[in-house]
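Structure record follows, encoded as structure tokens.
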Number of protein chains: 2
Amino acid sequence: MEHTLNIAKALADGNRMRVIVALMSRDELCVCQITEMLQLAPATVSRHMTILQNARLVQNRKEGRWVFYRLLKPFPEPLYQWLQASLAGSREIQEDSRQLQEILSCNPDDLCRRQKNRKKCHHSH
Amino acid sequence: MEHTLNIAKALADGNRMRVIVALMSRDELCVCQITEMLQLAPATVSRHMTILQNARLVQNRKEGRWVFYRLLKPFPEPLYQWLQASLAGSREIQEDSRQLQEILSCNPDDLCRRQKNRKKCHHSH
DNA sequence: CCTTTGTTTCGTCAATTAGCGAAACATACA
DNA sequence: TGTATGTTTCGCTAATTGACGAAACAAAGG
């Protein structure tokens with residue numbers, strides 16, 4: 001039961017659920033892109049991704065300085081269908097999807113620059 | 001997303017997952033029977049069942065002093081299939097199933113008497 | 001009524017978890 | 001080799017959660 005329970009625990013967090021659903025239609029996402037979508041500290045995102053990876057829901061691929069995550073294949077089919085059916089109409093998920101289009105339209109470099117600027121901005125407060 | 005997340009949270013606990021799986025093959029179970037299976041305090045079991053009910057995974061029916069819980073229909077089909085497939089071979093679940101046969105073989109009265117005896121036994125330590 | 005009994009609610013405590021910043025790591029590039 | 005940059009690990013804090021016992025509730029039966 002342990003593995004099944006780990007999957008349930010991995011999904012029992014709103015941010016992690018958003019990531020999984022995002023990956024269901026996006027093939028792969030870089031950590032910095034996920035960070036942008038969730039609006040969390042990189043350290044926090046990294047921690048979430050580790051939990052998802054330990055639950056064997058995602059896998060990662062390094063490319064230079066970037067780490068890209070994707071769903072681990074084979075992804076449990078019933079789980080996939082459940083999330084798909086349950087969250088298709090969710091406002092938050094749709095908003096994530098819309099924002100991801102924006103995020104993906106610029107390359108990771110620009111994205112990370114944008115994040116750095118935001119950080120500076122926060123410090124000025 | 002809130003409802004979907006509530007379901008994931010409801011399943012993200014070993015004891016609650018055991019209850020759901022037990023109800024997948026047992027139609028309905030009394031609180032005292034679930035208490036016997038999980039070996040937890042009645043108050044704790046009641047709390048778990050409330051969480052499952054708020055997630056709309058179970059419903060209850062009162063009969064005299066007893067409260068029987070069953071899966072709420074319609075139970076999300078993909079979720080049902082996922083649990084079925086993932087936990088069919090689980091040692092713990094099989095052990096629960098075996099023990100439930102025992103529990104169900106005596107009527108609730110005897111069961112609760114047994115629980116009371118165990119409680120007295122604990123006090124004597 | 002009053003007692004018994006099964007369940008739930010409440011209050012509390014210990015354990016777990018999500019979040020962050022700082023520091024460590026790792027990789028590219030000057 | 002040194003610096004910049006993306007990611008992860010570590011240490012800590014605040015919030016959440018699971019567990020229990022005591023007390024409240026609800027239903028049956030003397």
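Naming: A, B, ... by sequence-line order, numbering from 1 per chain.
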- d(CD, B:Glu36; P, C:dT7) in whole Å: 12 Å
- Note on the structure: Picking from C:dT5, C:dG19, C:dT27, the nucleotide nearest the side-chain atoms of B:Arg65 would be C:dT5
- Query: Given C:dT17, D:dA19, D:dT7, which nucleotide is nearest the side-chain atoms of A:Val67?
  - Reply: D:dT7
- Task: Return no unless some side-chain N or O of A:Thr44 is found under 4.0 Å from OP1 or OP2 of C:dC20.
- Result: yes
- So, does B:Tyr80 use its side chain to make a donor-acceptor pair with the main chain of B:Met24 at under 3.5 Å? yes
- Hey, is A:Glu102 close enough to A:Arg98 for a salt bridge, meaning N to O under 4.0 Å? yes
- Item | Closest listed nucleotide, where the reference is the side chain of B:Cys32 and the choices are C:dT7, D:dT8, C:dA18 | C:dT7
- Message: Donor-acceptor check, side chain of A:Gln33 to backbone of A:Cys30, threshold 3.5 angstrom: yes or no?
- Response: yes
- Message: Nearest to the A:His48 side chain among C:dT8, C:dC29, C:dG19, which nucleotide is it?
- Response: C:dG19
- Does the B:Ser97 side chain pair with the main chain of B:Ile93, one donor and one acceptor, at a distance under 3.5 Å? no
- Note on the structure: Between CD of B:Gln39 and C1' of D:dC20 the distance, given in whole Å, is 15 Å
- Phosphate-side-chain proximity, A:Tyr69 and D:dG6, N/O vs OP1/OP2 below 4.0 Å: no
- Query: Separation of A:Lys9 atom NZ from D:dT17 atom C1', in whole Å?
  - Reply: 11 Å
- Query: Can you tell me how far C1' of C:dT17 sits from CG of A:Leu11, to the nearest Å?
  - Reply: 16 Å
- Between B:Val45 and A:Arg16, just flag the one whose closest nucleotide in DNA chain C comes earlier from the 5' side. B:Val45
- Message: Expressed as a whole number of angstroms, how long is the span from B:Ile51:CD1 to D:dA19:C1'?
- Response: 11 Å
- Query: Which nucleotide in the set D:dT9, D:dG18, C:dT7 lies at the smallest distance from any side-chain heavy atom of B:Asp13?
  - Reply: D:dG18
- Query: Which of these nucleotides, D:dG21, C:dC20, C:dT7, is closest to any side-chain atom of B:Cys30?
  - Reply: C:dT7
- Starting at CZ of A:Arg47 and ending at P of C:dT17, how long is that distance when rounded to a whole Å? 8 Å
- Does a donor on one side chain and an acceptor on the other come within less than 3.5 Å for B:Gln81 and B:Glu77? yes
- Message: When you measure from the side chain of A:Arg16 to the backbone of A:Lys9, do you find a donor-acceptor pair of N or O atoms at a distance under 3.5 Å?
- Response: yes
- Message: From the set C:dT9, C:dC20, D:dT7, return the single nucleotide nearest to any side-chain atom of B:Ser46.
- Response: C:dT9
- Message: From C-beta outward on B:Thr50, which listed nucleotide comes closest to its side chain: C:dT9, C:dA18, D:dA19?
- Response: C:dT9
- Protein-nucleotide distance (A:Met49, atom CE; C:dA18, atom C1'), rounded to Å: 16 Å
- Could you tell me the separation between the CD atom of A:Glu63 and the C1' atom of C:dA28, rounded to a whole number of Å? 12 Å
- Message: Which nucleotide wins on minimum distance to the side chain of A:Trp66, given the candidates D:dT7, C:dT7, D:dT17?
- Response: D:dT7
- Counting any heavy atom closer than 4.0 Å, what does A:Ala43 reach on the DNA or RNA strands: base, sugar-phosphate only, or nothing? base
- Message: Check this one for me: any side-chain N or O of B:Asn15 less than 4.0 Å away from OP1 or OP2 of D:dA19?
- Response: yes
